[in-house]
Peer 1: 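Got a structure here, written out as structure tokens. Questions coming.
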Amino acid sequence: MLDHIGFTVSDFAAAKTFYAKALAPLGLALLMEVTKEQTGADEHAGFGRENKPFFWIGTGNKAKGGVHVAFSAGTRQQVDAFYAAALAAGGRDNGRPDLRPHYHPHYYGAFVLDADGNNIEAVCHAPHG
């Protein structure tokens with residue numbers, strides 16, 4: 001089971017703002033921040049829900065290539081709202097909300113690229129809604 005994931009970003013302040021806006025339709029919020037003084041090296045911001053941060057961004061050396069992170073959405077409307085919020089927050093389209101039956105018949109997802117080229121997805125697996 002996956003507990004959490006994290007990756008570095010080139011503009012920490014801008015990325016925090018982007019993810020706060022883009023993830024809000026999925027019920028996720030900024031829950032925790034860790035300072036350079038606390039870690040001895042880099043800053044980190046943890047997003048999640050129910051007092052559990054599981055998606056982390058931070059400063060530091062960037063991994064080669066982008067990463068792909070898919071967030072679970074309870075409804076297709078949440079996928080649509082994520083996509084709209086992410087674009088409004090400065091994300092770039094990487095796949096409009098739609099069914100993607102090549103994954104499975106009910107796979108409804110949307111993809112955006114953040115400022116660092118990371119592919120961020122929201123997906124609903126429910127047959128309707």
Side-chain angles (χ1 to χ4, degrees):
M1 174 186 275
L2 179 67
D3 183 71
H4 65 275
I5 188 168
F7 55 85
T8 59
V9 294
S10 59
D11 185 332
F12 187 63
K16 281 195 309 185
T17 300
F18 170 78
Y19 282 109
K21 292 177 181 178
L23 299 178
L26 302 177
L28 303 179
L30 177 62
L31 298 179
M32 183 184 294
E33 293 193 57
V34 183
T35 67
K36 290 179 183 180
E37 292 75 26
Q38 292 170 313
T39 67
D42 301 309
E43 295 178 84
H44 304 279
F47 296 81
R49 67 169 68 104
E50 298 172 9
N51 296 317
K52 171 66 172 110
F54 58 85
F55 175 73
W56 290 85
I57 58 170
T59 61
N61 294 328
K62 185 171 174 17
K64 291 190 181 248
V67 298
H68 176 214
V69 178
F71 290 95
S72 180
T75 67
R76 293 177 184 185
Q77 290 80 15
Q78 284 182 317
V79 172
D80 295 344
F82 155 81
Y83 180 78
L87 292 182
R92 294 171 301 178
D93 170 58
N94 196 36
R96 298 178 49 81
D98 204 352
L99 285 170
R100 289 177 168 74
H102 51 283
Y103 295 131
H104 70 70
H106 305 297
Y107 194 109
Y108 187 85
F111 303 82
V112 296
L113 298 174
D114 72 4
D116 292 295
N118 296 306
N119 186 22
I120 310 303
E121 175 186 3
V123 59
C124 177
H125 297 283
H128 303 289

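All values below were derived from every heavy atom in this structure, side-chain atoms included, with hydrogens, water molecules and symmetry-related copies excluded.
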Peer 1: Hey, are the side chains of Phe71 and Val123 touching, using non-hydrogen atoms and a 4.5 Å cut-off?
Peer 2: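 Contact flag for Phe71/Val123 side chains = no.
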Peer 1: Determine the interplanar angle of the Tyr103 and Tyr107 rings, folded into 0 to 90°, and report it as parallel if under 30°, tilted if 30 to 60°, perpendicular if over 60°.
Peer 2: tilted
Peer 1: Could you tell me whether Arg92 atom CZ has more than 12 heavy atoms of other residues or ligands within 6.0 Å of it?
Peer 2: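 It does: Arg92 CZ has more than 12 such atoms within range.
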Peer 1: Report the residues that fulfil side-chain contact (heavy atoms from CB on, under 4.5 Å) with Ala45, sequence neighbours left out, ordered by chain and then residue number.
Peer 2: Phe12, Lys16, Leu30, Glu33, Phe47, Ile57
Peer 1: Mind checking salt bridge (Lys or Arg N to Asp or Glu O under 4.0 Å) for Lys52 and listing every partner two or more places apart, or none if nothing turns up?
Peer 2: Asp3
Peer 1: Which pair of non-hydrogen atoms, one from Pro97 and one from Tyr108, has the smallest distance, and what is that distance?
Peer 2: CB-OH, 3.5 Å
Peer 1: Could you list who else is in Leu113's hydrophobic cluster, with ILVMFWY side chains joined at under 4.5 Å, directly or through other members?
Peer 2: none
Peer 1: Cluster question for you: counting only ILVMFWY and a side-chain heavy-atom cut-off of under 4.5 Å, with indirect links fine, are Ile5 and Leu23 together?
Peer 2: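 Yes, Ile5 and Leu23 fall within the same hydrophobic cluster.
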Peer 1: With rounding to the nearest 0.5 angstrom, report the CZ to CG distance, Phe55 to Leu28.
Peer 2: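 It comes to 9.0 Å.
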Peer 1: Is it true that a side-chain atom of Arg76 and a backbone atom of Pro127 form a donor plus acceptor pair closer than 3.5 Å?
Peer 2: yes
Peer 1: Indicate the atoms forming the closest heavy-atom contact of Phe18 with Gly90, along with that distance.
Peer 2: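 Scanning both residues completely, I find the closest heavy atoms to be CE1-C, 4.3 Å.
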Peer 1: State which residues pass side-chain contact (heavy atoms from CB on, under 4.5 Å) with Val34; sequence neighbours excluded, sorted by chain then number.
Peer 2: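 Met32, Gln38, Thr39, His44, Trp56.
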Peer 1: Mind checking side chain to side chain donor-acceptor pair (under 3.5 Å) for Asp93 and listing every partner two or more places apart, or none if nothing turns up?
Peer 2: Tyr83
Peer 1: Rounded to the nearest 0.5 Å, what's the gap from NE2 on His125 to NE2 on His106? Could you check?
Peer 2: 11.5 Å
Peer 1: How far apart are the closest heavy atoms of Leu26 and Ala73, and which atoms are they?
Peer 2: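 Smallest heavy-atom distance, with atoms named: CD2-CB, 3.8 Å.
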Peer 1: Nearest 0.5 Å, please: how far is OG1 in Thr59 from CG in Asp42?
Peer 2: 4.0 Å
Peer 1: Write out all pairs satisfying side-chain hydrogen bond (donor to acceptor under 3.5 Å, both in side chains) with one or both partners inside residues 17-30, taking only residues at least two apart or from two chains.
Peer 2: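 As it turns out, the side-chain hydrogen bond (donor to acceptor under 3.5 Å, both in side chains) pairs with a partner in residues 17-30, which skip direct neighbours, are Tyr19-Asp114.
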Peer 1: Work out which heavy atom in Arg49 is nearest to a heavy atom in Phe54; give both atom names and the distance.
Peer 2: N-CE2, 4.1 Å
Peer 1: Could you pull out the closest heavy-atom pair between Ala86 and Val112, with the gap in Å?
Peer 2: CB-CG2, 3.7 Å
Peer 1: With respect to Asp116, which candidate in Thr8, Val9, Asp11 satisfies the side chain to side chain contact (heavy atoms under 4.5 Å, CB included) definition?
Peer 2: Val9
Peer 1: Once rounded to the nearest 0.5 Å, what's the spacing between atom CG of Leu87 and atom CZ of Arg96?
Peer 2: 8.5 Å
Peer 1: Could you please spell out the steps behind the side chain to side chain contact (heavy atoms under 4.5 Å, CB included) verdict for Gln78 and Asp80?
Peer 2: CA-CA 5 Å; Gln78 284 182 317; Asp80 295 344; over 6 Å; no
Peer 1: If I compare all heavy atoms of Phe82 with all of Ile120, which pair ends up nearest, and what's the gap?
Peer 2: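 Of all heavy-atom pairs spanning Phe82 and Ile120, the closest is CZ-O, 3.7 Å.
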